[in-house]
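Per chain, numbering begins at 1; letters A, B, ... match sequence-line order.
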Protein chains: 4
Amino acid sequence: MSAKTKSQPGRPRSVEADRAIHQATLNLLAEVGYDRMSIEAIAARAGVGKTTIYRRYTAKEELVADAIESRREEVEVPDVGNLWGDLDLIITSATQMTLDPLGRQIVALIISTASNSPQFAQVYWTKYLQPRRQAFNSAIARAKTRQEITTDIDADLVFDLISGIMLYGLVFPPTTESYQAYVRRAISLVLKI
Amino acid sequence: MSAKTKSQPGRPRSVEADRAIHQATLNLLAEVGYDRMSIEAIAARAGVGKTTIYRRYTAKEELVADAIESRREEVEVPDVGNLWGDLDLIITSATQMTLDPLGRQIVALIISTASNSPQFAQVYWTKYLQPRRQAFNSAIARAKTRQEITTDIDADLVFDLISGIMLYGLVFPPTTESYQAYVRRAISLVLKI
Amino acid sequence: MSAKTKSQPGRPRSVEADRAIHQATLNLLAEVGYDRMSIEAIAARAGVGKTTIYRRYTAKEELVADAIESRREEVEVPDVGNLWGDLDLIITSATQMTLDPLGRQIVALIISTASNSPQFAQVYWTKYLQPRRQAFNSAIARAKTRQEITTDIDADLVFDLISGIMLYGLVFPPTTESYQAYVRRAISLVLKI
Amino acid sequence: MSAKTKSQPGRPRSVEADRAIHQATLNLLAEVGYDRMSIEAIAARAGVGKTTIYRRYTAKEELVADAIESRREEVEVPDVGNLWGDLDLIITSATQMTLDPLGRQIVALIISTASNSPQFAQVYWTKYLQPRRQAFNSAIARAKTRQEITTDIDADLVFDLISGIMLYGLVFPPTTESYQAYVRRAISLVLKI
DNA sequence: CGGTAAGCGAGACGGTACGTCGCGTCTTAAG
DNA sequence: CTTAAGACGCGACGTACCGTCTCGCTTACCG
């Protein structure tokens with residue numbers, strides 16, 4: 001008895017509107033950034049009444065979090081055969097997200113708001129951090145198998161340290177070397193290799 | 001004699017107004033936070049016309065950066081005789097900044113905006129990070145002298161890693177242990193001690 | 001059936017707001033006069049957002065012209081049986097308008113602005129001048145019937161002359177006699193009676 | 001001995017500044033009109049500090065009245081040998097004042113403010129009306145001498161009626177004939193010629 | 001199959017804050 | 001003691017969005 005799809009009375013919410021709202025939100029986020037992005041502009045861009053947005057979301061945060069979450073985004077789990085190859089892929093994948101304007105805005109937004117807004121922190125965690133942490137754990141496990149790493153390491157803490165330095169490097173970009181080189185140097189130090 | 005202090009024509013800007021604006025800005029920042037803080041309210045609180053603020057700053061960022069910069073803040077360079085004692089003092093000093101509301105807001109603000117605004121990044125760097133980096137370097141040097149540390153380490157990079165994990169821990173607070181314990185564990189790992 | 005009353009989409013404009021705006025405008029006009037009357041004050045007095053006013057009117061002139069026009073004002077067409085009786089009523093009716101503060105302000109405003117603003121001139125013409133001109137024409141016609149007047153006169157031009165002297169007398173009030181006496185003297189001269 | 005030119009202590013007021021202020025005031029009056037003309041703009045245009053203006057005048061009215069009064073303006077008293085010739089000259093002289101922008105603004109200003117501001121009424125009276133009234137009186141007197149006019153007329157009242165119709169014609173311009181023709185027709189009627 | 005109930009676009013509503021302009025006063029140093 | 005310059009506290013400007021509220025009009029389902 002699938003009572004799950006119990007239909008409510010009245011006209012159902014339009015999925016077209018959902019899509020249009022998500023799209024408009026992401027476009028505007030990329031173009032003007034979170035702060036300068038007005039609900040009014042989103043509604044106009046999506047060709048939708050403001051009511052239709054406010055019926056779905058009570059706060060701008062919710063709206064944007066949902067829009068970000070709706071983005072299809074694959075995090076590939078690489079296995080190129082050696083540790084540094086895997087790590088480079090992970091770093092690159094994490095970094096290239098900041099290359100298009102939307103990615104930059106999303107990162108900036110997460111940094112800005114994650115600490116205040118569980119909303120965003122959650123989305124960011126499950127959507128971006130979690131998959132990469134898993135990929136990282138797998139890479140480390142494989143490296144141990146290959147005996148590239150012999151010592152016991154706290155993979156989670158190492159991952160956090162690397163995430164931390166990457167975050168820090170975005171906020172205060174290194175001046176004497178490239179971002180990539182800087183991060184690689186940090187990883188070396190942490191992994192003692 | 002250089003004519004540096006060449007006086008401009010016209011009535012000079014009021015230093016009283018400067019002070020009042022700084023004070024009102026910091027108070028409101030602590031009370032309602034950066035986003036909800038209106039220029040109008042600052043002017044009212046400071047007993048000053050809006051013009052007087054707009055004459056000095058073209059953007060809210062500038063105003064707040066300047067107000068933060070104007071705060072007298074001593075970063076003591078501790079020397080308690082052993083490495084962990086020194087490190088604990090540094091961590092604590094960095095952490096306790098987030099204890100009063102103003103400190104919390106300032107940190108949140110820096111995290112929020114530093115990546116977008118060179119303005120804030122610069123202030124944060126010279127006012128908060130730089131002194132602590134120096135203190136850290138001294139502590140490491142003393143530890144070497146005492147032979148608590150024998151290996152050669154890249155103190156700057158280590159400092160960045162620690163700063164990074166502290167930042168990361170603010171954005172995604174650890175769930176299974178205290179912030180302090182989390183940071184100590186990370187430092188241990190990085191310093192291999 | 002013509003589709004004249006084709007209803008626009010969206011929420012219709014509030015007639016309550018219309019009324020409140022008119023009333024507040026007239027009150028403030030009477031209290032402080034046109035120049036010192038701020039849109040902000042009107043909005044506050046009417047319990048209405050500034051936007052609601054700016055949505056309806058692009059200029060203060062328009063707003064005030066509309067408010068004045070909305071005033072119900074009867075111009076009685078007198079017939080007391082002889083010419084001078086009729087004329088006195090017309091003069092009095094025109095004059096007494098300046099007795100309450102609102103009337104004074106409206107007259108002052110029309111005098112001030114009519115030459116610059118077709119807006120006001122039009123309102124004043126159709127609302128105040130036209131009815132009186134008609135009343136005057138009727139009075140003259142009746143006087144001819146009664147043979148109080150024998151010569152042929154250009155009633156419109158005479159009316160303009162009288163209006164002119166009344167205007168002139170408001171701008172440069174006579175010093176040696178009353179306004180009413182001054183106007184009567186002028187009418188005598190023009191009508192050669 | 002002539003203590004008239006008793007010199008005050010301190011620096012005397014600059015007559016250059018006086019002239020510059022007058023000139024700037026008249027220029028701006030012509031360009032943007034009385035209402036939109038700001039003291040700040042006058043000071044800037046005149047190359048003068050605001051203080052210098054406020055020291056001389058306490059109100060905008062005073063300033064403008066003084067500037068207008070300072071204008072050199074000749075009202076010629078014509079005598080061309082017959083009444084209508086004289087009258088035409090007077091009408092023309094009065095009318096052509098409204099041809100350049102400054103003239104238009106001055107007339108509009110006088111109409112606007114004369115009834116409220118004795119200041120302006122006085123200036124307008126002595127500077128513009130009085131001379132023309134005298135010219136008119138002379139013309140009438142000469143016409144009597146020439147026996148162009150035989151009846152006794154109240155020249156002052158007639159002048160006021162003509163002034164009135166000219167004012168009225170400026171506020172509500174005649175639509176079926178020229179201003180000049182309209183005024184001539186009115187004069188005919190009043191003078192019964 | 002016709003009624004009922006929610007969703008929809010549009011856009012007006014009372015507000016708050018924006019950044020600008022001008023007011024009339026004041027404070028400088030220079031003359 | 002005046003001057004040019006220009007900062008000051010203040011009040012209003014006209015605009016942009018906020019989140020809420022009507023409108024007339026679809027949609028769907030349910031009895």
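Applying the salt bridge (Lys or Arg N to Asp or Glu O under 4.0 Å) criterion to Arg71(A), with sequence neighbours excluded, gives Glu73(A). With sequence neighbours left out, Arg56(D) forms a side chain to side chain donor-acceptor pair (under 3.5 Å) with Asp18(D). For the side chain to side chain donor-acceptor pair (under 3.5 Å) test, residues two or more places apart in sequence or in another chain that qualify with Lys50(B) are Glu40(B). Taking the side-chain contact (heavy atoms from CB on, under 4.5 Å) definition, one finds that Gln122(B) meets it with Thr126(B), sequence neighbours left out. By the ring pair (Phe, Tyr, Trp, His ring centres under 6.0 Å) test, Tyr124(D) pairs with Phe172(C), Tyr128(D), sequence neighbours left out. Listed by chain and residue number, nothing satisfies the side-chain contact (heavy atoms from CB on, under 4.5 Å) test with Ala44(C) (two or more places apart in sequence, or in another chain). Shown here are the side chain to side chain donor-acceptor pair (under 3.5 Å) partners of Arg72(B), two or more places apart in sequence or in another chain: Glu74(B). Contacts of Arg45(A) classified as side chain to side chain donor-acceptor pair (under 3.5 Å), with partners at least two apart in sequence or in another chain: Glu31(A).
Relative orientation of the Tyr34(B) and Phe120(B) rings is perpendicular, given thresholds of 30° and 60° on the angle between their planes.
In this structure, the CG atom of Asp35(D) is 15 Å from the C1' atom of dC23(E), given to the nearest Å. Distance, Leu63(B) CG to dG19(E) C1': 14 Å, rounded to whole Å. When rounded to the nearest whole Å, the span between CD1 of Ile53(D) and C1' of dC23(E) equals 13 Å. Summarising the geometry, the separation between CG on Asp18(B) and P on dG9(F) is reported as 11 Å, rounded to the nearest angstrom. In this structure, Arg13(C) atom CZ and dC21(F) atom C1' are separated by 16 Å, rounded to whole Å. In this structure, CD of Glu61(A) is placed 12 Å from P of dG19(F), rounded to the nearest angstrom. Distance OH (Tyr34(D)) to P (dG22(E)): 16 Å, rounded to an integer number of Å.
Summary of helix geometry: the two end axes of the helix from dC1(E)-dG31(F) to dG31(E)-dC1(F), each defined by five base pairs via their C1' atoms, are inclined to each other by 10° (rounded to 10°).
Note on Arg55(B): every side-chain N or O is 4.0 Å or more away from OP1 and OP2 of dG19(E). Residue Thr52(B) places at least one side-chain N or O under 4.0 Å from the OP1 or OP2 atom of dG9(F).
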Hey, can you pull the donor-acceptor pairs under 3.5 Å for the side chains in residues 102-110 of chain B, sequence neighbours left out?
residue	atom	partner	partner atom	Å
Arg104(B)	NH1	Thr98(B)	O	3.4

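Side chain of Ser14(B), nearest nucleotide from dC13(E), dC8(E), dC8(F): dC8(F).
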Grab the N/O contacts between the protein and nucleotides 10-15 of chain F below 3.5 Å, and write none if there aren't any.
residue	atom	partner	partner atom	Å
dC10(F)	N4	Thr51(B)	OG1	2.6
dC13(F)	OP1	Ile39(C)	N	2.8
dC13(F)	OP2	Ile39(C)	N	3.3
dC13(F)	OP2	Glu40(C)	N	2.8
dG14(F)	OP2	Tyr54(C)	OH	2.5
dG14(F)	O5'	Tyr54(C)	OH	3.4
dG14(F)	N7	Lys50(C)	NZ	3.0
dG14(F)	O6	Lys50(C)	NZ	2.7

For nucleotides 28-31 of chain E, list the nitrogen or oxygen atoms of the protein found under 3.5 Å from its nitrogen or oxygen atoms, one pair per line.
none

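Between the CD atom of Glu62(B) and the CG atom of Asp66(B) there is a distance of 8.5 Å, given to the nearest 0.5 Å.
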